[in-house]
Amino acid sequence: QLAAWAGDVHVLEDLLWQNGLAQAPDPAAELAAVGESVAASVEELAHTLPEGVSLTARQVVEAAREAMVTTFDASVHGLLTDRFSELGQLDEPHEDITSDRASRTAARLDGRAADVLAAELRTAAGDCATMAGLMEAGGEPEAALRLTGQADAAAFEAYLVSAALRAGDDALVTVDLRWDLVAGDESAPASQRDRFAGVLGSAERDALLGMLEPVPAP
């Protein structure tokens, strides 16, 4: 469900950029306002559902899509719905992963509040970047490269945790979802940064890149 909804949000963002968002006086503020309108529509829909009604995974995403589409003028409806992906995968049976998700969140927090974790990760990113600079200056480029990668990973996770909190995702489900998309990547920092940015929406990429530490000059 989260992956399907994230894909729908990407569709909306791309459509906005293709139709003049970049020419707005403040594109980021405009995009945030659109996001708030969509969120309000989804929340309003949730309040209209009869109490005790249980929706399937597919019905939840379809309802959210309907709320997103009807936020806008009718002339936009077809442009959005034609770009939405199929939802057949949501009709397949899935195991309940609630307990596993909770254990992953608990392991990540390790007794800390989420905002404290984000702050510690930002500090770790800065420390790793400082050490990377020292290693590069000391003639150890391979060590500098590893530390730069660690700095990027810490900054990326800090960003994901902070973004989850802003979105009301107290369970940090989106953190795991986005991390899973880049898990196992051992590429050079520039490529790794591209991979990190690639799992974010267009409105988030500049914010992430602004948090990443400078790569030590060779």
### Message
Working to the nearest 0.5 angstrom, can you tell me the gap between His77 NE2 and Asp82 CG?
### Response
12.5 Å
### Task
State, yes or no, whether a side-chain contact exists between Pro141 and Glu136 at a heavy-atom distance under 4.5 Å.
yes
## Note on the structure
Smallest heavy-atom separation, Arg83 atom then Leu15 atom, equals CZ-CD1, 3.9 Å
#### Entry: Polar side-chain atom of Asp26 near backbone of Ala29 as donor-acceptor pair, under 3.5 Å
yes
### Task
Quick one: pull up CG in Leu80 and CG in Asp8 and give me the separation to the nearest 0.5 Å.
9.0 Å
### Summary
CZ (Arg108) and CG (Leu121) are apart, to the nearest 0.5 Å, by 9.0 Å
### Side-chain (Glu66) to main-chain (Ala63) donor-acceptor, under 3.5 angstrom
no
### Message
With a 6.0 Å cut-off (strictly less than), is the heavy-atom count around CD of Glu120, excluding the residue itself, greater than 12?
### Response
yes
### Task
For Glu30, look at atom CD and say whether over 12 heavy atoms of other residues, nucleotides or ligands are found less than 6.0 Å away.
no
### Summary
dist Thr71:OG1 -> Glu44:CD (nearest 0.5 Å) comes out at 9.0 Å
### Query
When rounded to the nearest 0.5 angstrom, what distance separates CZ in Phe196 from CG in Leu208?
8.0 Å
### Task
Flag the pair Phe72 / Val34 as yes when at least one side-chain heavy-atom distance between them is below 4.5 Å, and no otherwise.
yes
### Message
Tell me every residue that passes side-chain contact (heavy atoms from CB on, under 4.5 Å) with Val42, counting only those two or more places apart in sequence or in another chain.
### Response
Trp5, Val38, Ala67
### Message
Between Glu62 and Phe84, does the side-chain contact (heavy atoms from CB on, under 4.5 Å) criterion hold? Intermediate values first, please.
### Response
CA-CA 10 Å; Glu62 289 175 339; Phe84 288 151; over 6 Å; no
### Message
Between Ser162 (side chain only) and Tyr159 (backbone N and O only), is there a donor and an acceptor less than 3.5 Å apart?
### Response
no
### Task
Please check if Val76 and Trp17 belong to a single hydrophobic cluster, counting links between Ile, Leu, Val, Met, Phe, Trp and Tyr side chain heavy atoms closer than 4.5 Å.
yes
### Task
Provide the closest heavy-atom pair for Leu55 versus Val60 in the form atom of the first, atom of the second, distance.
CB-CG2, 3.8 Å
### Message
Which Ile, Leu, Val, Met, Phe, Trp or Tyr residues join Leu134 in one cluster when any pair of side-chain heavy atoms under 4.5 Å counts as a link?
### Response
Met131, Met135, Leu147
### Task
Give a yes or no on this: more than 12 heavy atoms of other residues, nucleotides or ligands lie within 6.0 Å of atom CD of Glu142.
no
#### Entry: Heavy-atom closest contact (Ala64 atom, Leu45 atom, distance)
N-CD2, 4.2 Å
### Task
For residues Val161 and Leu117, report the shortest heavy-atom separation together with the two atoms involved.
CG2-CD2, 4.2 Å
### Query
So, does Arg112 use its side chain to make a donor-acceptor pair with the main chain of Leu109 at under 3.5 Å?
yes
### Message
Minimum heavy-atom separation for Leu90 and Ala57, please, with both atom names.
### Response
CD1-O, 3.9 Å
### Smallest separation among heavy atoms of Ser85 and Arg65, with atom names
O-NH2, 2.9 Å
